[in-house]
Asks: 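Mind looking over this structure? Questions follow.
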Amino acid sequence: MEGQAPSPLPDQVLENVLETVLHFLSSRRDRNAASLVCKSWYRAEALTRSELFIGNCYAVSPRRATARFPRVRSLTIKGKPRFADFDLMPLNWGAHFTPWAQALAQSYPSLRRLHLKRMSLTDRDLTLLSLSFPHFQDLLLTCCEAFTTTGLAAIAANCRLLRVLDLAECVVEVADEEVDWISSFPETQEETHLESLVFDCVECPVNFQALERLVARSPSLRKLRLNRYVSMSQLHRLMHRAPQLTHLGTGSFSASELDPEPDYASAFAASKSLVCLSGFREIWPDYLPAIYPACANLTSLNFSYADINAHQLKSVIRHCHKLQTFWVLDSISDEGLQAVAETCKDLRELRVFPVNTREEIEGPVSEVGFEAISRGCRKLQSILFFCQRMTNAAVVAMSNNCPDLVVFRLCIIGQYRPDPETLEPMDEGFGAIVMNCKKLTRLAVSGLLTDRAFGYIGTYGKLIRTLSVAFAGDTDLGLKYVLEGCPNLQKLEIRDSPFGDGALRSGLHHFYNMRFLWMSSCKLTRQACQEVARRLPHLVLEVINSEEGKADDIEILYMYRSLDRPRDDAPKVVTILH
Amino acid sequence: MDNSLRISHEKELNLEATELRLGLPGSDEPEKRSVVRSNKRSSPEASEELECMSKGNMNSNGSDVTSDHDQDNVVPPAKAQVVGWPPIRSYRKNNLQQKKGEEGEGSGMYVKVSMAGAPYLRKIDLKVYKSYPELLKTLGNMFKCTFGEYSEREGYNGSEYAPTYEDKDGDWMLVGDVPWNMFVSSCKRLRIMKGSEAKGLGCL
């Protein structure tokens, strides 16, 4: 009839229904599966994906990503591989955010959230971000670098709706003129939208008065992590401004004024919502009792910058019955670990970092504390443990006591260390872990390990997605077992292990399923890498050699799948094979 | 396994003799000696399997040997560290080194400064100062006190407070007793003592 719009075609109705339904699909794995059903599902899924996760910034070009997914509001991008954190990659290797910044500014005017990990972003990038997205709310930067406080000032000044500004373990360069970025939050705004402000990694002083005013006008603030330039008494003032905090990073936790000291404990008692404490960057242990009032409610405690001994730890930990996440230095020794095991029955995640990173015969923590933890903390899901000595028996015990382990990372600092009691390799311990911990998805091995250990991993580690290997194995067989046996393997990082060309070839069937393979100081040759590059055209093989002369031996191979042409922003030391 | 048993095991396996430390590493001793181990693996069978080791391994080594009975002057070469091992982010390593401030590794040489009667600590970077007067001026400002004139014979006679420091040997010395460079390299921490407390301190 005239005047009426034509009724939509049946196909279109279906697409509308599909889009409506797909809006509810949040898991990216589910979405990936849905997109493979047929073309119309592919289109509908692409139009409705609002959260985009890019595990490797070089796996896809910004243009391709924005073309396929036009309506993204939340974006996560990861750049360098993890071993770059340990100075194993050349400076300026890449992971530059600039091309992404430009593409996003053009394509995603509604962008609300950006999370970058191990990317290199400049002040210009940050400024562009701050000006391009009027609805921008959340900025999370983890292990990023190349920007200064100037960039932070731009974010503070221009993002009126800023809700989250989280800087975790970033390297913030010192600008030529130090910029007072905290003052850049507009004071004219009566109330900010800030919920989370994390800047413990920013290594320069902040304007405290401006910070205090900012906190005072941020009623939604729940997470505040201060850097070490904030003193105890300043912390006290901030805590009184924000008693509603749930997550607090305490800054230096040492004092710098001669004035009579305020009652710190009362500040912690008044913060009834605190569940997560961290900071303690320059801890003066005499102040520890101040946190006792908060301990009973804590689910997360990070003492990994606090050089405290067992006695000092005990005074705190005996109150922490609800603790689920605990990061600490090995200065607490086995005795401290035993205290944790006795009290923290709900512990899910434990990380023990070393104060002394040199190889020694003995260290303050050992199999004794490790086994105590396994006996006391049966619900353990994730452990990262640095030590100088460990026995197979203790590792086997943990595999039996803690069957829920999902992440097992044991770092025996001495290379090629056998079990000090039996003098055997550590094969059986790690074997027990992969056998008994049926939910294990992440594993890092160390100590003296033969091919046998890798045989175990290949046989039992069926769910493993991330595997880290250093100074281990005997022959190509080791790597072969893993590449052939672990169907879910996505991230494999190996250094200083005797795996060569034969081993590399055994993974040809699997490399397209992986996010990346890293092999440094192994026994690979350029020819083998060339061959892999030829046979698998969608793989990018980056070969990094520090010296020109040794062309045949590969020092570093970093290999990843990519939908686009290899990048053109690599430094000279990187050769890309294709 | 007690110490003696462990030693005999290691000897059996032909390890180069290693030093047995009497204290735990990381404990606050004036002389931190890192135990230096040889390149060899600890078990005989494993050393055969070593044949196919890659070249990148074990560029860290030091087969020098010392024991606790050695003269204080002999400091064994610290074992060269392998790049990126253990896998700890430099960010974390740097933060801890700043804390320790003992060997002056890295860019700063931070030492703790305490004052008699004050319940707090400060930290200063000794590398920032070029001379005693500079240092004392800063300390005076930090703690709102004065030190008076220093003389070799009488120390800081006459002033209420005197700056002292603990050196590598664990001894408490008066600031100013030794040449500046020697002070910077041996100072572990500073303490501003009451004048009366500081009497009796002097050079070894």
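Just so it is clear, the model here is predicted, and its values are computed rather than measured. Note on naming: letters A, B, ... go to the chains in the order of the sequence lines (proteins, then strands), and numbering restarts at 1 for each one.
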Asks: More than 12 non-hydrogen atoms from neighbouring residues, nucleotides or ligands closer than 6.0 Å to CZ on R409(A), yes or no?
Replies: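 More than 12 within 6.0 Å, yes.
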Asks: Do W85(B) and T357(A) have side chains that get closer than 4.5 Å, going by heavy atoms?
Replies: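 With C-beta onward as the side chain, the pair stays apart.
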Asks: What residue, out of C201(A), A470(A), C170(A), has the most heavy-atom pairs lying under 4.5 Å from chain B?
Replies: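 Heavy-atom pair counts peak at C201(A).
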Asks: Go through the steps to decide whether V82(B) and E359(A) satisfy the test side-chain contact (heavy atoms from CB on, under 4.5 Å), and finish with yes or no.
Replies: CA-CA 10 Å; V82(B) 176; E359(A) 276 192 41; over 6 Å; no
Asks: Name the option with the most non-hydrogen atom pairs under 4.5 Å to chain B; the candidates are F83(A), F86(A), F386(A).
Replies: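 Most heavy-atom pairs within the cutoff with chain B belong to F86(A).
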Asks: Could you give the distance from CD1 (I88(B)) to CZ (F353(A)), rounded to the nearest 0.5 Å?
Replies: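 With rounding to 0.5 Å, CD1 (I88(B)) is 7.5 Å from CZ (F353(A)).
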Asks: Which one, S331(A), S304(A), P354(A), leads in non-hydrogen pairs under 4.5 Å with chain B?
Replies: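 Of the candidates given, the most pairs with chain B belong to S304(A).
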Asks: Check whether NZ of the Lys or CZ of the Arg R92(B) lies under 6.0 Å from the centre of the six-membered ring of Y305(A) and within 45 degrees of that ring's axis.
Replies: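 Pair R92(B)/Y305(A) counts as cation-pi.
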Asks: How long is the gap from CZ on R89(B) to CZ on R82(A), to the nearest 0.5 Å?
Replies: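 Here the rounded value is 7.5 Å.
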